[in-house]
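Here the structure comes first, spelled out in structure tokens, and everything after it is commentary.
Counting convention: from 1, in listed order, for ligands and their atoms alike. Just so you know, residue 1 is the first one in the sequence shown, and it goes up from there.
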Amino acid sequence: SVVGWIRRAARSRGLGTAVARAASTRGRAVPPKFGIADPWSALRSVGQWRGEIWNRRKDGEIYAEWLTISTVNDAAGQTTHYVAIFSDATQLKPSQERMDFLPNHDALTGLPNRILLQDRLSQAIRRAQRERGRLALLFVDLDRFKKVNDTLGHEVGDRLLEAVARRLGERLRGADTLSRLGGDEFLILLDGHSSAAGAAAAAQACLDLLRSPLQIDTHAIPLSASIGISLYPTDGMDAETLIRSADLAMYHAKERGRGNYQFHAPEMSIAAQEQHALENALRGALARGELGLLYQPQIELATGHLWGVEALARWAHPDLGAVAPERFIPVAERIGLIGELGEWVLTEACRQLVRWRTAGFAVPRIAVNVSIQQLARSNLLPTLQRCLVESGLVPEDLEVEVTESVIVGDNARVITALSDLRSLGISLVVDDFGTGACALGRINRVPIDRLKIHGSFIRCIGRGQSEEAITRAIIDLGRDLGLAVIAEGVEREDQSAFLQAAGCRLAQGYLFGEPMDADALGVYLGRAAVH
Ligand code: C2E
Ligand code: CA
Ligand code: CA
């Protein structure tokens, strides 16, 4: 085994390096004192393992050995050798690595200790500050660990802690840090963009991981844990405060009967629960017929004629009432429902256009919103084709609205999808134009048909000179590129007059009509025909 080989090599030389051929060291070997990380998986994934092992001298004395194992690959990427660099940690004059490792790691589990965790947490906070990111800290405390120690002895207790460390380590993602504070306390730093709901899910996963008993020798030891959660920036702006908040929250979890998790701010528990409930409710919403569409007229400024309608999704939640798309579209994206939802929107929009026309209302076209996730994840093109075939509509009846960031982004799949639907003959509108990371040089990568000026500019007409200048510039840009420009969020006559004078062709907003259901739009059109 690799351990035997390391031990032999170490014993014969005391200090130095050893090389072993990969073939002779294959197989699983997890020595008891290797600490938490399985050296084989570390070697496989990052090509290196570092840690401390306990060794025995010829005279029987036990000593600490500081060891680095690296893999050596051939040109084909196959591991041919392992190189071990080891040193008698008790004798060696303090090398930098040892100085780095020993004070920062927990001797029992090999996990980062409080000092290192605080360091990593501070780094993560600085990064989150820069990038406006979020962090979550999970304070994990085993329930009734003292009882295990008292009844089965410290040796079993230590082994149990090692096993817990291993289990908790299983579900960590790359940027996460698991550390041991001492005793039966562990801290998990969830890096990246950890929302309250994400932290709650991670805490639940930890509780689930610990649910099945741990086998130590002949003992199957049932375990549970109490977890406290603190969030950056809500519960603290520095490492110490965040740890303290998570610790406090952990005590709440103990008070609530152990084996559960709690947030530091109680409203977070509620928010996370609500989010969870929202996700579950949305899963069944389509089947229960709770999703609906409203339609908002788009008019031609010069004539006042209807140019088309935009379909806007609504969710009639049984308890919450009408839920805005800004709230449920991101949820649908997160839980992988956006493809299905988007397909429903497209199908329903096409059917409705046919219904109006059958009823004698001349609705020239219908626009639907499509999110970047929808373009990246679902297969939009076949859906569009199916909708056209089923409804008997022509591609010119349909417009797809995507935000500016979608167009200038770097997702090749998205760009291809957009070009494909455009080549079908479906018009492409750049929504919220002027707000994204507008890279004018990049918008012509995708053949677009229309620019839609974001409502925030329109709102400032008559008040903000720079917004007026941007509005004019977008209209001029559209004219030069041969793209019709539409203004959204037009609420007042003076805004409409400004746009018309500036040469804007199309407009949409409360001034002309709020989003309304299909029947109301029929009434609206009937009224318009009378006048
Ligand atoms: P959007 O496409 O920019 O839609 C314009 C939003 O402004 C709509 O909000 C509309 O109700 C509102 N609005 C219209 N006229 C006025 C006005 O004169 N003044 C003001 N203050 N607001 C006005 P809504 O319906 O809540 O939709 C919000 C966003 O949700 C939409 O922004 C769109 O990005 C997204 N969305 C809506 N339906 C869908 C959908 O079916 N799929 C996807 N992926 N996204 C959708
Ligand atoms: Ca839109
Ligand atoms: Ca918009």
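The pair Arg211-Asp208 meets the salt-bridge criterion, since a charged nitrogen lies less than 4.0 angstrom from a carboxylate oxygen. The pair Arg450-Glu401 does not meet the salt-bridge criterion, since no charged nitrogen lies less than 4.0 angstrom from a carboxylate oxygen.
When every heavy atom of Ala507 is checked against every heavy atom of Phe512, the shortest pair comes out as CB-CE1, 3.7 Å. Here the closest heavy-atom approach between residue Ile125 and residue Met237 is recorded as CG2-O, 3.5 Å.
For the Ca ion (ligand 3), protein N/O/S neighbours under 3.0 Å (waters excluded) are Asp431 OD1, Asp432 OD1, Glu488 OE1, Glu488 OE2.
Atoms of ligand 1 found under 4.0 Å from any heavy atom of Gly509, numbered from 1 in the order shown, are 15 (N), 18 (O). With ligand atoms numbered from 1 in the order given, ligand 1 contributes 14 (C), 15 (N) to contacts under 4.0 Å with heavy atoms of Gln296. Proximity to Asp432 (heavy-atom distance under 4.0 Å) selects the following atoms of ligand 1: 3 (O). Contact atoms of ligand 1 toward Glu491: 17 (C), 18 (O), 19 (N), 20 (C), 21 (N) (distance under 4.0 Å to a heavy atom of the residue). For ligand 1 and Gln374, the ligand atoms under 4.0 Å from any heavy atom of the residue are 44 (N). The contact set between ligand 1 and Ser371, taken as ligand atoms under 4.0 Å from a residue heavy atom, comprises 44 (N). For ligand 1, the atoms closer than 4.0 angstrom to any heavy atom of Asp431 are 1 (P), 2 (O), 3 (O). Close approach of ligand 1 to Glu310 (heavy-atom distance below 4.0 Å) involves ligand atoms 2 (O).
When the shell of 6.0 Å around CD of Gln385 is examined, it contains more than 12 heavy atoms from other residues, nucleotides or ligands. By the 6.0 Å contact criterion, CZ on Arg256 is open, its count of non-hydrogen atoms from other residues, nucleotides or ligands being 12 or less.
Contacts of Val345 with ligand 1, taken as heavy-atom pairs under 4.0 Å, involve the side chain alone. Only side-chain heavy atoms of Glu488 come within less than 4.0 Å of ligand 1; its backbone N, CA, C and O stay farther off. By the criterion of a heavy-atom distance under 4.0 Å, neither the backbone nor the side chain of Gln508 is placed next to ligand 1. Only side-chain heavy atoms of Ile329 come within less than 4.0 Å of ligand 1; its backbone N, CA, C and O stay farther off. Neither the backbone nor the side chain of Val368 has any atom closer than 4.0 Å to an atom of ligand 1 (non-hydrogen atoms only).
Using a 4.0 Å threshold on non-hydrogen atoms, atom 30 (O) of ligand 1 counts as touching the protein. Protein non-hydrogen atoms do reach within 4.0 Å of atom 41 (O) of ligand 1. For atom 6 (C) of ligand 1, no protein non-hydrogen atom is found at a distance below 4.0 Å. Inside a 4.0 Å radius of atom 27 (O) of ligand 1 there is at least one protein heavy atom.
Here the straight-line distance linking atom CG of Leu210 with atom CG of Leu223 works out to 6.0 Å at 0.5 Å rounding. In this structure, CD in Gln352 is found 4.5 Å from OH in Tyr295, a value given to the nearest 0.5 Å.
Using a distance-only test at 3.5 Å, with no hydrogens or angles considered, a donor-acceptor pair links the side chain of Asp143 to the main chain of Gly259. Side chain of Arg365 to main chain of Val309: no donor-acceptor pair is present (N/O by atom type, distance under 3.5 Å, no hydrogens or angles). In this structure a side-chain-to-backbone donor-acceptor pair under 3.5 Å is present from Arg357 to Pro364. Although no hydrogens or angles enter the test, the distance criterion places no donor-acceptor pair under 3.5 Å between the side chain of Glu185 and the main chain of Leu181. Distance alone, capped at 3.5 Å, is enough to place a donor-acceptor pair between the Thr383 side chain and the Asn379 backbone. Not one N or O on the side chain of Thr403 forms a donor-acceptor pair closer than 3.5 Å with the backbone of Asp431.
Protein heavy atom in closest approach to atom 18 (O) of ligand 1: Tyr510 N, 2.8 Å. Among protein heavy atoms, atom 38 (N) of ligand 1 sits closest to Ala313 N, 3.0 Å. Annotation: atom 34 (O) of ligand 1 to nearest protein heavy atom, Asn369 OD1, 4.3 Å.
Restricting Glu310 to its N/O/S atoms, the shortest distance to the Ca ion (ligand 2) is reached by OE2.
Considering backbone and side-chain atoms together, Arg314 places an N or O closer than 3.5 Å to an N or O of ligand 1. Not one N or O of Pro515 is nearer than 3.5 Å to an N or O of ligand 1, by distance alone.
Side-chain contact check for Gln296 and Glu514: no donor-acceptor pair (N or O, by modelled atom type) lies under 3.5 Å.
In this structure the side chain of Glu488 never reaches within 4.5 angstrom of the side chain of Ile453, judged on heavy atoms. Side-chain atoms of Leu511 and Gln495, non-hydrogen and from C-beta on, never get closer than 4.5 Å to each other. Contact annotation: the side chain of Leu301 never approaches that of Leu506 to less than 4.5 Å [non-hydrogen atoms, C-beta and beyond].
Among Ser456, Ala311, Gly455, Pro325, the residue whose heavy atom sits closest to atom 36 (N) of ligand 1 is Pro325. Taking all heavy atoms of Leu291, Leu341, Leu312, Ile338 into account, the minimum distance to atom 8 (C) of ligand 1 is reached by Leu312.
Screening residues 421-430 for side chain to side chain donor-acceptor pair (under 3.5 Å), with sequence neighbours left out, gives Arg422-Asp449.
The closest approach between any non-hydrogen atom of Ala324 and ligand 1 is not below 4.0 Å.
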